[in-house]
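A short write-up of the structure that comes next.
The first residue of the sequence shown is numbered 1, and numbering continues consecutively from there. Keep in mind that the numbers below use all heavy atoms, side chains included, and drop hydrogens, waters and symmetry copies.
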Amino acid sequence: MHDGDATATVAGAADGMAVPRGEIVSQYVKSVRLDVPGAPAVHAAPKGLPRLHLDLDVDARQVADGAPLFEVALVLRCQGRGPDEQVLFEADLAYAGLVNLRAAGGIAAPEMLEPLLLVEIPALLFPGARNLLAELTRDAGFPPVLMQGVDFAALQRGRRAVS
């Protein structure tokens, strides 16, 4: 005979694990730089689609010791080159979010914060960063850079494999 409820036992165990929850307090452009080294001559020549090179990184840091606030930033670097390998444009941007992390029962262990800060929150910030890059390149006189979705879990696994 069993007097306890299995659901309550599992829920009670989960409560003791301090599972973090994230809330995005604010999203913002932290930095942006766009360079068109060949302007205005590059705009006088017939345009084809530039050959793109994209780099994406995620940076997360605690805003203050002991505080549940973290800044998560997506850092995008994009370079467009013409058929003759001439650099048409270079865009560097950091799109960030201020995240409030709460954990029931206290501060969550770092291994529990990592997936939230380096996978889940970046996935929520990505549409804003993608839109900013598309607008920058379009406003610079080039076809907008339209990025496909990013698998942030795979990106994190790759970072771990390197370090």
### Pairwise salt bridge (charged side-chain N to carboxylate O under 4.0 Å, His left out) hits with a residue in residues 34-43, at least two apart
none

Counting only pairs under 3.5 Å, give me each side-chain donor-acceptor contact of residues 145-154, with atom names and distances, residues two or more places apart or in other chains.
from: D151; atom 1: OD1; to: A153; atom 2: N; distance (Å): 3.2
from: D151; atom 1: OD1; to: A154; atom 2: N; distance (Å): 3.1

### Task
May I have the step-by-step check of side-chain contact (heavy atoms from CB on, under 4.5 Å) for F89 and Q79, ending in yes or no?
CA-CA 6 Å; F89 66 86; Q79 187 180 74; over 6 Å; no

#### Entry: side-chain contact (heavy atoms from CB on, under 4.5 Å) between V36 and L88, intermediate numbers included
CA-CA 6 Å; V36 183; L88 301 175; over 6 Å; no

### Task
Determine, stepwise, if the pair D92 / V32 fulfils side-chain contact (heavy atoms from CB on, under 4.5 Å).
CA-CA 6 Å; D92 296 316; V32 64; over 6 Å; no

### Atom pair CZ (R138) and CG (N131), whose distance is rounded to the nearest 0.5 Å
10.0 Å

### Task
Run the salt-bridge test on E114 and R160 with the 4.0 Å N-O cut-off and return the result as yes or no.
yes

### Counterpart residues, side-chain contact (heavy atoms from CB on, under 4.5 Å), relative to A96 (two or more places apart)
Y28, K30, E71, A73

### Residues in salt bridge (Lys or Arg N to Asp or Glu O under 4.0 Å) contact with R51, at least two apart in sequence or another chain
E85

### Residue D65 excluded, over 12 heavy atoms near CG under 6.0 Å
no

### Message
Among L118, V119, I121, which residue satisfies the side chain to side chain contact (heavy atoms under 4.5 Å, CB included) criterion with V58?
### Response
L118

### Message
Can you list everything that forms a side-chain contact (heavy atoms from CB on, under 4.5 Å) with V25? Sequence neighbours excluded, please.
### Response
L69, L98, N100

### Query
Among pairs that include at least one residue of residues 39-88, which meet ring-ring contact (aromatic ring centres under 6.0 Å, His included), considering only residues two or more places apart or in two chains?
H43-F142

### Query
How far apart are the C-alpha atoms of L125 and I24, what are their side-chain angles, what is the distance that settles it, and do they pass the side-chain contact (heavy atoms from CB on, under 4.5 Å) test?
CA-CA 9 Å; L125 295 174; I24 296 178; 4.2 Å; yes

### Partner of L132 under side chain to side chain contact (heavy atoms under 4.5 Å, CB included), chosen from V29, L76, T137
V29

### Task
Would you mind checking if D57 and R77 are paired as a salt bridge, meaning a charged N to carboxylate O distance below 4.0 Å?
no

